[in-house]
Participant: 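Sharing a structure below in structure tokens format, with a few things to ask.
Both backbone and side-chain heavy atoms feed into the values below; hydrogens, waters and symmetry mates do not.
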Amino acid sequence: MVSHSELRELFCAADAVCFDVDSTVIREEGIDELAKFCGVEDAVSEMELVSRLQERNVQVFLISGGFRSIVEHVASKLNIPPTNVFANRLKFYFNGEYAGFDEMQPTAESGGKGKVIKLLKEKFHFKKIVMIGDGATDMEACPPADVFIGFGGNVIRQQVKDNAEWYITDFVELLGELEE
């Protein structure tokens, strides 16, 4: 088991930080708020944390089992390039009717977030990747992520709270770590 001070050091020395989106970066579950894009403008501490990481030349990624059309909107508000977004793509027929989702996306299958992190390590040769999220699929992405930080600021999932080595309810805690 890694000590809390070792976890903090790993976070501060990360090459990349990956965030879940639904109930982590935004307050709602995207599927429930598909038409509204809620929670983005009010995400002040989330935006500040992403900005601070970017100032430190840390790559920031959004990895979501939600839909790319929503996640890209969130990414643009956080100044995260679309190339750093991994989410499910909706498919439509030429007449505009819904045709399902793209099953070829890694996030469309079980263990997909871990597959994205493995891909990021291979492609960019990151030494330390941190995954932050509220759910079991986020926690399961560690490993290959080097650190998992459970987030309960919007929704507390008991399994994550009980099993995360580091559990926070406010991104201000992580901002404080970067200041030290």
Participant: Starting at CZ of Phe151, measure out to CH2 of Trp166 and round the result to the nearest 0.5 Å.
Facilitator: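 The distance works out to 13.0 Å.
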Participant: Would you check if Lys118 and Pro144 make a side-chain contact, meaning some heavy-atom pair closer than 4.5 Å?
Facilitator: yes
Participant: Any non-hydrogen side-chain atom of Ile129 less than 4.5 Å from a side-chain atom of Leu120?
Facilitator: yes
Participant: If we only count heavy atoms from C-beta on, is the Ile149 to Ile168 side-chain gap below 4.5 Å?
Facilitator: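 Yes - at least one pair of side-chain heavy atoms lies under 4.5 Å apart.
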Participant: To check you understand the geometry: which heavy-atom pair defines the closest contact between Gly152 and Tyr167, and what is its length?
Facilitator: CA-OH, 3.0 Å
Participant: Any side-chain heavy-atom pair from Asn163 and Met139 closer than 4.5 angstrom?
Facilitator: yes
Participant: Do Val85 and Phe61 make a side-chain contact, defined as non-hydrogen atoms from C-beta onward lying under 4.5 Å apart?
Facilitator: no
Participant: Can you name the residues that form a side-chain contact (heavy atoms from CB on, under 4.5 Å) with Gln54, not counting sequence neighbours?
Facilitator: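 By the side-chain contact (heavy atoms from CB on, under 4.5 Å) rule, Gln54 matches Val50, Val60, Asn79, Ile80.
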Participant: Taking side chain as C-beta onward, heavy atoms only, is Phe126 less than 4.5 Å from Gln59?
Facilitator: yes
Participant: Are the side chains of Asn84 and Leu62 in touch, meaning some heavy atoms are under 4.5 Å apart?
Facilitator: no
Participant: For the residue pair Val160 and Gly133, what are the closest heavy atoms and their distance?
Facilitator: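 That closest heavy-atom pairing would be CG1-O, 4.4 Å.
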Participant: Within the structure provided, determine whether Glu140 and Lys113 are in side-chain contact (heavy-atom separation under 4.5 Å).
Facilitator: no
Participant: Looking at Phe148 and Ala164, what are the two nearest heavy atoms and their distance?
Facilitator: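 Here Phe148 and Ala164 meet closest at CE2-CB, 3.8 Å.
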Participant: If I take atom CG from residue Leu119 and atom CD1 from residue Ile63, how far apart are they, to the nearest 0.5 angstrom?
Facilitator: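 It is 9.5 Å, given to the nearest 0.5 Å.
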Participant: Any ion pair linking Asp146 and Lys121 (charged N to carboxylate O, less than 4.0 Å)?
Facilitator: yes
